Every structure is written in structure tokens, then in C-alpha cells.
2 protein chains.
Amino acid sequence: MATTTAGQRREQARRDYDAYLAGCPTRELLSTLTDKWAALVIAALAGGPQRHSELARRIAGVSQKMLTQTLRTLERDGVLTRTVTASVPTRVDYELTPLGHDLNPVMVSIKTWAETNMDRVFQARARYDARS
Amino acid sequence: MATTTAGQRREQARRDYDAYLAGCPTRELLSTLTDKWAALVIAALAGGPQRHSELARRIAGVSQKMLTQTLRTLERDGVLTRTVTASVPTRVDYELTPLGHDLNPVMVSIKTWAETNMDRVFQARARYDARS
DNA sequence: CAGTATCCCAACGGATACTG
DNA sequence: CAGTATCCGTTGGGATACTG
């Protein structure tokens with residue numbers, strides 16, 4: 001057959017793109033993904049849709065500006081959807097797309113890794129600082 | 001028994017730390033990990049030790065400054081080791097620690113995700129830009 | 001080769017004020 | 001509530017020059 005599956009096409013894409021190359025568009029996409037706020041937002045949406053204010057409360061310390069900016073970028077990249085409910089006051093919900101759900105486990109794993117290994121990192125820092 | 005395994009202690013750590021909290025040290029560790037250069041460096045070291053110049057060549061476009069800075073931070077956090085061989089000219093090798101090997105698959109998965117899904121992101125951007 | 005030290009500009013990102 | 005706009009200090013990060 002001449003037809004290719006979506007999986008085959010993605011496998012081909014993985015071979016064609018290379019984030020080690022400076023000019024590759026994946027380099028810029030990697031920049032978007034390797035972002036503290038993006039990781040927390042995507043992880044927070046694992047359980048289902050969240051309102052803007054819910055995300056702001058959950059991700060303590062994020063500014064209005066950074067939260068909106070992060071959400072916009074992720075919306076544009078097809079990771080999440082933004083749904084406006086016309087009411088007073090306005091209600092806006094954010095939800096992961098299938099692409100976003102695909103990405104979610106990866107982002108969660110970074111956050112979990114940090115939480116799980118914080119102590120080991122502390123010990124490493126103590127050793128490093130001790131001999132400097 | 002009163003003894004706890006390393007696994008149990010790490011599970012406890014995961015419960016004690018929470019990157020959603022602004023003051024949590026994992027928030028800052030997350031910042032370090034969610035870094036374009038850190039991701040590429042850690043991914044590049046999967047196959048074994050690499051010299052400074054090898055890393056610089058492999059990670060196209062990285063500046064001397066950023067590469068050294070990234071390597072220093074990761075060394076301090078116990079992710080990799082820096083080994084100096086006294087010769088002329090000096091030879092320096094970087095290698096993942098057990099902690100680094102633990103982190104490696106996570107970082108590789110982000111890079112791979114970007115390479116695999118670049119096309120889907122392009123399509124999403126085209127749709128988003130078309131209705132704006 | 002590996003690294004440090006400056007210089008310097010662009011961006012990141014917080015604070016605040018204002019709108020539908 | 002959700003978002004935009006502006007101001008403004010801090011940091012990121014490249015370019016260049018110099019050292020063991």
C-alpha cells in the first residue's frame with residue numbers, strides 16, 4: 001500500500017527534525033516547552049479544564065501577565081484550547097487538546113522528578129560548595 | 001522495621017515538595033531543568049562522556065558562555081561530573097552521574113516530543129493565525 | 001582546548017493601572 | 001473575572017578579548 005499511517009509520518013518527522021541544529025524550528029519549540037510556567041500550566045491541566053483564576057491560584061506566584069502570555073503561546077501551538085463563556089462576569093476555561101494530552105505526561109515527569117530528587121540535589125550542592 | 005528504603009524516602013520527598021508553591025525550592029530546580037541548553041546538554045550526554053568541544057559542536061549555536069554556565073550549574077546540582085585531564089592542551093570530560101542518568105530519559109523525551117510533533121504544532125499555528 | 005572576564009543589548013518578567 | 005497596556009528593573013545571553 002502507498003498509504004502511510006499518522007504514526008509513520010510522525011516517525012519520519014522525528015528523523016527529519018533535529019533540535020541539535022541551530023536553525024531547526026524544533027529548537028524554538030523546545031524553548032517554549034522548556035519553560036517553568038508552561039510546565040506548571042500543562043501539568044495543572046491534567047485533571048481537566050481549569051478556569052483562568054483557578055490556574056492563577058494553583059500556580060502560586062505567577063503574574064497575570066506571564067500566565068496569560070503562557071496560555072496564549074500554548075493555545076497557538078495547539079496544546080490547549082481557550083473557551084469563553086459569555087456571562088457576567090466572563091468565564092474562560094482552558095483545556096488540553098489531544099496534542100496537549102500527549103505532551104502532558106512528559107511535563108508532569110519533569111515536575112515530579114524535581115520534587116522527588118530535591119534532596120539529592122541539595123546534597124550534591126552541599127558537596128560542591130564544600131570544596132570550593 | 002524502622003528502616004526505610006531509598007525509594008520510600010524519595011516517595012516521601014515527592015509528597016513533601018510541591019512545585020506549585022512559590023516558595024518551594026523545587027520551583028527553582030524546575031527553572032534549572034526547564035532550560036533549553038540544559039535539556040540539550042543532558043540529552044547529548046546519554047551515550048557517555050563528552051568533551052567540552054564535542055558538546056559545543058554537537059549543540060550547534062550554543063555560545064561558550066552559555067555552555068560553560070549550563071555545565072557548571074548541572075555539575076553543582078549533581079547531574080554531571082567534570083573531569084580534568086592535565087595535559088597540553090587541557091582535556092575536560094563531562095559525564096552523567098547516576099542522578100543524571102535518572103534525569104536523562106525525561107529530558108530526551110521533551111526533545112523527542114518536539115521533533116516528533118513539530119508538524120502538528122505548525123498546523124495548529126496556521127489555524128490560529130488564520131482566524132486572527 | 002577550556003575557561004574567565006567584560007561589554008552591552010534585548011528579552012523576560014513583575015508591578016501597577018485601566019477596560020469590557 | 002479575564003484581559004490589555006505601560007513602565008521599568010533584572011536577567012539572559014551573544015561578541016570579543018585574553019589566560020593557563
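Residue numbers start from 1 in every chain, and the chains themselves are labelled A, B, ... in the order their sequence lines are given, proteins ahead of strands. Treat the numbers as computed from the prediction; the structure is a model and nothing was measured.
A close approach under 4.0 Å does not occur between any side-chain nitrogen or oxygen of A:Tyr94 and OP1 or OP2 of D:dC1.
When both distances must be under 3.5 Å, the Watson-Crick or G-U wobble mate of D:dC18 is C:dG3.
Considering only the side chain of A:Lys65, D:dT6 comes nearest among D:dT6, D:dA2, C:dG3. The nucleotide whose nearest atom lies closest to any side-chain atom of B:Arg51 is, among D:dG14, D:dG3, C:dA2, C:dA2. For B:Met66, the side-chain atoms get nearest to D:dG14 when compared with the rest of C:dC1, C:dG13, D:dG14. In this structure, the nucleotide among C:dG14, D:dG3, D:dG14 sitting nearest to the side chain of A:Arg82 is D:dG3. Minimum atom distance to the side chain of B:Ser63 is reached by D:dG14, of the listed D:dG14, C:dG3, C:dA2.
One can place CH2 of B:Trp37 at 8 Å from P of D:dG13, the figure rounded to the nearest angstrom. When rounded to the nearest whole Å, the span between CZ of A:Arg72 and P of C:dG13 equals 17 Å. Spacing between atom CG of A:Leu67 and atom C1' of C:dG14 amounts to 14 Å, rounded to whole angstrom units. The CD atom of B:Gln69 sits 8 Å away from the C1' atom of D:dG13 (whole-angstrom rounding). The CD-P distance, from A:Glu54 to D:dG3, rounds to 13 Å in whole Å. Regarding B:Asp35, its CG atom lies at a distance of 9 Å from the P atom of D:dG12, rounded to whole Å. Following rounding to the nearest Å, B:Leu55 (CG) and C:dG3 (C1') show an atom-to-atom distance of 14 Å. The distance between atom NE2 of B:His52 and atom C1' of C:dA2, rounded to the nearest whole Å, is 6 Å.
Position along DNA chain C of the nearest nucleotide to A:Gly61 versus B:Thr68 favours B:Thr68 as the more 5'-ward residue. Of the residues near DNA chain C, A:Gln64 and A:Pro89, the one whose nearest nucleotide (by heavy atom distance) lies more toward the 5' end is A:Gln64.
Panel note: side chain B:Asn104, backbone B:Ile42; a donor-acceptor pair is recorded below 3.5 Å. In this structure, B:Thr97 contributes its side chain and B:Gly78 its backbone to a donor-acceptor pair below 3.5 Å. Proximity of a side-chain donor or acceptor of B:Arg27 to a complementary backbone N or O of B:Tyr20 within less than 3.5 Å is detected.
No path of Ile, Leu, Val, Met, Phe, Trp and Tyr side chains, each step under 4.5 Å between heavy atoms, connects B:Val88 with B:Val84, placing them in separate hydrophobic clusters.
Using a 4.0 Å heavy-atom cutoff across all strands shown, B:Ser53 reaches sugar-phosphate atoms only and no base atom.
Side-chain contact between B:Asp77 and A:Arg120: absent, with no pair of heavy atoms (C-beta onward) separated by less than 4.5 Å.
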